[in-house]
Every structure is written in structure tokens, then in C-alpha cells.
Amino acid sequence: MRNIKQLNKSVTVNYIVSKINYAELPEAVRLFAGMDIDKCIFSFISCDGNAKKNIDLLLPRMTEVMPHIHKALDIAIEADLPATVCSYPLCFLRGYEKHCEELHAPVKYIRDAEILWENFHKISEEKARVEGAPCRQCGYELLCAGPRRDYVEKFGWNEFSPVPGEKILSAEELLEAEGNG
Ligand code: SF4
């Protein structure tokens, strides 16, 4: 990454947050800030493929990770390093809502080896994400796809608590509101 920055190229880090590295996230962000990285995305792990086979080793509880994500965001904000969090529901980002990657991400076309996925976010939401009872009372329900199905199959819904208030209708409305990071 240092070599790429020396060539005046842009570098975005996608840090996959798992059980084995979440505690190091704040320190990693300090390192990235010192390297003049352009943007960080903290992506809560999606347990597909080999990660699915090792889910007990890799998948942390969202509440366990939360203070480390908040601390990492504080460090990024202080360092003026753009940082967002992906695949991590808004109820765990209270006070940091503006750093939710999905609120900023445009409709995406993703090409892999064999196929062009149109509107990838919508497809992945429909395939992998679920809403539960807390979501139906949550002010962010219309913006949030909920957690992944495999997460709630493993840990249940106890960690999720609805965000009080009227339903927010659009990402723009939330991003423009005061006091949410
Ligand atoms: S809709 Fe559900 S998962 Fe999303 S923020 Fe609200 S309670 Fe959390």
C-alpha cells in the first residue's frame, strides 16, 4: 500500500472484521491513517464459502465488536480518514449512522468471472438478509436490510433493539439529520 501511495494512486482498504481480528481494528486504522490511505471500509464478515465451514472460529457477536468499531471510527474521524461500516445494521451504529456504507453505496453492477450482477445489493439483501420482530418497530426499518440469516440462526435476535422514532424514509433524510455521526 505504501508503494502504491508513493505512485500517487488512490487506496481503499476493505477490512473484513472477524472474530480473529476485530480487537486490532483501532490499531489498524491508526496505521492506515499514517499511510495516507484514501478510504477504509470495515466489512462485518459474511460467512460464505470456507468462512461458512469455520463459522464458529470467525463469526463474532455484533455487540462484542461494536466498541472496537466505534473506536476505529473515532480514530478515523480524528485523522480525517473517510471510513464506513458495511453489513453491520444501523442499530449498532447509533451516533455513527453517517458512516453506514449502505447509505452511501449507489446501485451496483458487479461483474464476476461468469456473470454480471445487476443491482447486487438488492440481490444480496433478498438472498441473505432477514428482518425480525425488533425491525418492525424500528425507525430505520425502511433503510436497513437487517442482519444476515446465518447470523441470527447462530445468535438469535437478543442483541437487536429497535431504534425509536418515526420511520425514516430515505438515506438522504438520515444523512441530512443532525446528531448521527
Ligand atoms: S431494522 Fe432491525 S437490524 Fe436494522 S437497525 Fe432496526 S432493529 Fe437493527
Side-chain angles (χ1 to χ4, degrees), residues 14-23 25-26 29 39-49 51-52 55-56 58-77 82-108 110 117 119-181:
N14 187 12
Y15 189 108
I16 307 298
V17 179
S18 76
K19 202 170 181 177
I20 56 178
N21 69 5
Y22 72 81
L25 182 59
V29 173
K39 180 178 176 182
C40 289
I41 304 174
F42 315 144
S43 296
F44 191 81
I45 186 167
S46 300
C47 284
D48 292 317
K52 192 172 183 177
I55 192 166
D56 291 340
L58 294 173
L59 186 66
R61 281 186 174 271
M62 292 192 180
T63 42
E64 197 179 319
V65 165
M66 187 168 69
H68 302 273
I69 286 190
H70 290 185
K71 188 168 178 191
L73 286 172
D74 287 338
I75 293 166
I77 293 163
T84 56
V85 189
C86 190
S87 302
Y88 193 64
L90 281 161
C91 48
F92 298 97
L93 286 175
R94 294 176 206 219
Y96 296 90
E97 288 91 337
K98 287 180 181 172
H99 297 271
C100 171
E101 172 69 15
E102 286 89 341
L103 295 183
H104 300 275
V107 173
K108 290 214 171 123
I110 294 186
W117 298 92
N119 201 349
F120 181 78
H121 276 180
K122 190 162 187 298
I123 292 168
S124 66
E125 281 176 11
E126 285 168 0
K127 276 177 66 176
R129 305 288 200 94
V130 281
E131 282 197 355
C135 306
R136 286 185 275 283
Q137 303 159 33
C138 177
Y140 293 160
E141 182 190 13
L142 303 177
L143 309 180
C144 175
R148 281 176 59 99
R149 190 180 307 278
D150 48 14
Y151 185 88
V152 288
E153 281 171 3
K154 183 165 173 57
F155 292 125
W157 284 98
N158 287 350
E159 293 168 282
F160 296 81
S161 66
V163 176
E166 296 290 309
K167 302 270 182 208
I168 301 221
L169 300 178
S170 69
E172 291 72 26
E173 189 184 337
L174 181 56
L175 290 170
E176 282 165 15
E178 293 295 322
N180 55 16

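This structure is a prediction, so every number in the text was calculated from the model and none was measured. Start at 1 and go down the list; that is how both ligands and their atoms are numbered.
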Participant: Considering only heavy atoms from C-beta outward, does the side chain of C40 approach that of N14 to under 4.5 Å?
Facilitator: no
Participant: Among all the protein's non-hydrogen atoms, which is closest to atom 3 (S) of ligand 1, and how far away is it?
Facilitator: P89 CB, 3.6 Å
Participant: Among all protein non-hydrogen atoms, which one is nearest to atom 5 (S) of ligand 1, and what is the separation to 0.1 Å?
Facilitator: C91 N, 3.2 Å
Participant: Salt bridge check, R61 against E159: does any charged N sit closer than 4.0 Å to a carboxylate O?
Facilitator: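 Yes.
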Participant: Restricting to N/O/S atoms, is C138 within less than 2.8 Å of atom 6 (Fe) of ligand 1 or not?
Facilitator: yes
Participant: Could you find the nearest protein heavy atom to atom 2 (Fe) of ligand 1 and give me its residue, atom name and distance?
Facilitator: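 The protein heavy atom lying closest is C135 SG, 2.4 Å.
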Participant: Suppose we call two aromatic rings close when their centres sit under 6.0 Å apart. Are Y88 and F42 close by that rule?
Facilitator: no
Participant: Name the closest protein heavy atom to atom 4 (Fe) of ligand 1, giving the residue it belongs to and the distance to 0.1 Å.
Facilitator: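 Atom 4 (Fe) of ligand 1 sits closest to the protein heavy atom C144 SG, 2.4 Å.
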Participant: Thinking salt bridges, do D150 and R129 make one under a 4.0 Å N-O criterion?
Facilitator: no
Participant: Given L90, which of L143, I168, V163, V85 fulfils the side chain to side chain contact (heavy atoms under 4.5 Å, CB included) condition?
Facilitator: L143
